[in-house]
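Just so it is clear, the values below take in all heavy atoms, side chains as well, and ignore hydrogens, waters and symmetry mates.
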Amino acid sequence: MKITDVKVIVCGPARNFVTLKIVADGIYGLGDATLNGRELSVASYLTDHVVPLLIGRDARRIEDIWQYLYKGAYWRRGPVTMSAIAAVDTALWDLKAKSLNVPLYQLLGGASRDAVMVYGHASGADVEDTVKAVAHYVELGYKAIRAQSGIPGLTSTYGVGRGGMFYEPAEKKAPPENSWSTEHYMTFIPKLFERLRKEFGPEVHLLHDAHHRLTPIEAARVGKSLESYHLFWLEDPTPAELQESFRLIRQHTTTPLAVGEIFNTIFDCQQLIEEQLIDYIRTTVVHAGGISHLRKIANLAEMYQVRTGSHGATDLSPVCMAAALHFDLSVHNFGVQEYMRHAPETDAVFPHAYYFENGFMHPGEKPGLGVDIDEALAAKYPYDRAYLPVNRKLDGTMHNW
Ligand code: KDG
Ligand code: MG
């Protein structure tokens with residue numbers, strides 16, 4: 001089953017995406033290679049360096065090709081390299097499942113559950129607005145809902161959408177600047193969750209993303225202040241380059257912790273998992289080396305009772321979403337999957353078999369990933385450079401976004 005053609009497709013239906021298409025024996029597989037705000041670096045890594053190495057290789061040797069690209073580059077890890085490898089890996093799994101005429105999850109051990117619980121993003125300009133947004137998600141059938149709110153005294157902050165359901169953080173021309181005050185946030189956040197629990201009771205799973213903005217001791221205090229509202233998780237409480245910093249948070253709070261959306265390999269979370277410093281590992285197919293590598297992370301996590309909670313924002317394409325759902329359905333220690341609905345333009349370019357029903361999702365029964373790309377339509381949406389926001393403290397100091 002020799003690889004005869006490989007194509008890198010860059011398009012921008014509502015936002016920018018990079019997609020890899022690998023052809024062998026007249027069948028093709030797709031992989032997502034999108035790295036939000038730095039898309040063309042992965043496109044170039046693939047086009048200029050990886051594609052020439054793939055032609056003529058046996059498409060069935062997925063693990064060998066993974067190791068060839070990882071070890072063969074000499075320069076290991078990092079988001080650009082690992083997104084490129086992820087795209088190849090995902091496309092090869094798609095191709096193999098299509099060639100065997102089965103949905104991908106069947107090759108990954110079959111379904112471990114009937115469907116995959118997902119969480120949606122509710123946000124509002126203030127507490128009452130956020131209550132309305134959560135109510136909307138409850139009406140839509142969601143069992144798990146992430147709540148983010150504007151913070152009094154701050155002009156803008158992470159996670160608050162601009163109306164509708166499509167939170168879109170990428171901006172054309174130049175990165176927008178958000179402002180930040182940990183003091184304002186720490187005073188406000190327990191009030192938000194107190195109100196949400198009062199309104200919605202104990203059943204609905206509530207999640208929250210601190211988006212890397214706290215120091216460990218601040219995160220510990222926030223976790224403690226939220227304990228009586230029993231969050232499903234507190235996400236990215238502190239930047240995780242220093243994995244041992246989670247020890248401090250852990251010593252002080254029983255609020256479950258989740259981290260990993262910007263991780264690229266198992267080495268980024270080894271200590272976090274082995275020391276049981278987190279409850280959910282959020283690595284995603286596109287940024288952490290594909291389905292093959294994500295399964296290794298999940299297997300390590302399973303030993304330590306850490307569950308998966310893959311990142312699923314709209315800057316990951318429907319190809320990644322489909323891959324995540326096959327992974328989630330099959331892996332034993334699945335926890336929850338993030339799900340932000342894509343814009344209609346994105347869905348039109350990437351027709352897919354996965355579906356949402358009553359708070360759960362299923363990848364569908366089509367062979368492979370069950371997602372396609374309409375290349376003619378994609379060509380109508382050219383790439384348009386866009387940046388994620390940056391974040392400054394009130395005194396102008398650059399902070400984590
Ligand atoms: O590209 C960055 C986004 O994917 C990220 O900011 C979203 O934190 C995020 C989340 O939890 O979805
Ligand atoms: Mg996040």
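The only option from R146, K143, R307, M117 that meets the side-chain contact (heavy atoms from CB on, under 4.5 Å) definition with V336 turns out to be M117.
Using modelled atom types, one finds no donor on one side chain facing an acceptor on the other under 3.5 Å when comparing N16 with R385. If you check the side chains of Y158 and R213, you find no donor sitting under 3.5 Å from an acceptor. When only modelled atom types and interatomic distance are considered, N264 and H287 share no side-chain donor-acceptor pair under 3.5 Å. No side-chain donor from either of Q148 and T130 sits under 3.5 Å from a side-chain acceptor of the other. No hydrogens or angles considered: a donor-acceptor pair under 3.5 Å links the side chains of N178 and S156. Side-chain atoms of T155 and S179 form a donor-acceptor pair, as typed in the model, at a separation below 3.5 Å.
Salt bridge annotation for R195-E128: present, with a cationic side-chain nitrogen under 4.0 angstrom from a carboxylate oxygen. Between D58 and K2 there is no salt bridge, since no side-chain N of the basic residue sits under 4.0 Å from a carboxylate O of the acidic one. Contact check on R282 versus D209 returns no salt bridge, with no Lys/Arg side-chain nitrogen under 4.0 Å from an Asp/Glu carboxylate oxygen. With respect to D395 and K393, no salt bridge is recorded, no charged nitrogen being found less than 4.0 Å from a carboxylate O.
Below 30°, between 30° and 60°, or above 60°: for Y355 and H362 the angle between ring planes is below 30°, a parallel geometry.
In terms of the side chain to side chain contact (heavy atoms under 4.5 Å, CB included) criterion, residue partners of K366 (sequence neighbours excluded) are, by chain and number, A353. Remark: R295 pairs with no residue by the salt bridge (Lys or Arg N to Asp or Glu O under 4.0 Å) rule, at least two apart or across chains. The ring pair (Phe, Tyr, Trp, His ring centres under 6.0 Å) check on Y70 picks up W66, with sequence neighbours excluded. For D94, the side chain to side chain contact (heavy atoms under 4.5 Å, CB included) test picks out L30, K98, L369, with sequence neighbours left out. Legend: residues meeting ring pair (Phe, Tyr, Trp, His ring centres under 6.0 Å) with F350, ordered by chain and number and at least two apart, are F17. With sequence neighbours excluded, no residue satisfies salt bridge (Lys or Arg N to Asp or Glu O under 4.0 Å) with E302. Partners of E39 by salt bridge (Lys or Arg N to Asp or Glu O under 4.0 Å), not counting sequence neighbours: none found. Every residue two or more places apart in sequence or in another chain that forms a ring pair (Phe, Tyr, Trp, His ring centres under 6.0 Å) with W233 is listed here: Y119, Y280. With sequence neighbours excluded, the residues that form a ring pair (Phe, Tyr, Trp, His ring centres under 6.0 Å) with H352 are Y354.
In this structure, Q337 contributes its side chain and G309 its backbone to no donor-acceptor pair below 3.5 Å.
Annotation for R221: atom CZ does not count as buried by contact number, only 12 or fewer foreign heavy atoms lying within 6.0 Å. The 12-atom threshold is not exceeded at CD of E357, counting heavy atoms of other residues, nucleotides or ligands nearer than 6.0 Å.
The closest side-chain heavy-atom distance from V6 to I3 is below 4.5 Å. The side-chain heavy atoms of S292 and W93, taken from C-beta on, include a pair separated by under 4.5 Å.
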Could you give the side-chain donor-acceptor pairs of residues 46-55 under 3.5 Å, partners two or more places apart or in another chain?
{"from": "T47", "atom 1": "OG1", "to": "A43", "atom 2": "O", "distance (Å)": "2.8"}
{"from": "D48", "atom 1": "OD2", "to": "S44", "atom 2": "OG", "distance (Å)": "2.8"}

Ignoring hydrogens and angles, write down the donor-acceptor pairs under 3.5 Å from the side chains of residues 20-29, residues two or more places apart or on other chains.
{"from": "K21", "atom 1": "NZ", "to": "E375", "atom 2": "OE2", "distance (Å)": "2.5"}
{"from": "Y28", "atom 1": "OH", "to": "D372", "atom 2": "OD1", "distance (Å)": "2.6"}
{"from": "Y28", "atom 1": "OH", "to": "D372", "atom 2": "OD2", "distance (Å)": "3.1"}

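For F193 and Y229, the ring centers sit 6.0 Å or farther from each other.
Listed by first and then second residue, the side-chain hydrogen bond (donor to acceptor under 3.5 Å, both in side chains) pairs involving residues 99-118 are Y105-E365 (not counting sequence neighbours).
F267 does not carry R76 over the face of its six-membered ring by the limits of under 6.0 Å from the centre and within 45° of the normal.
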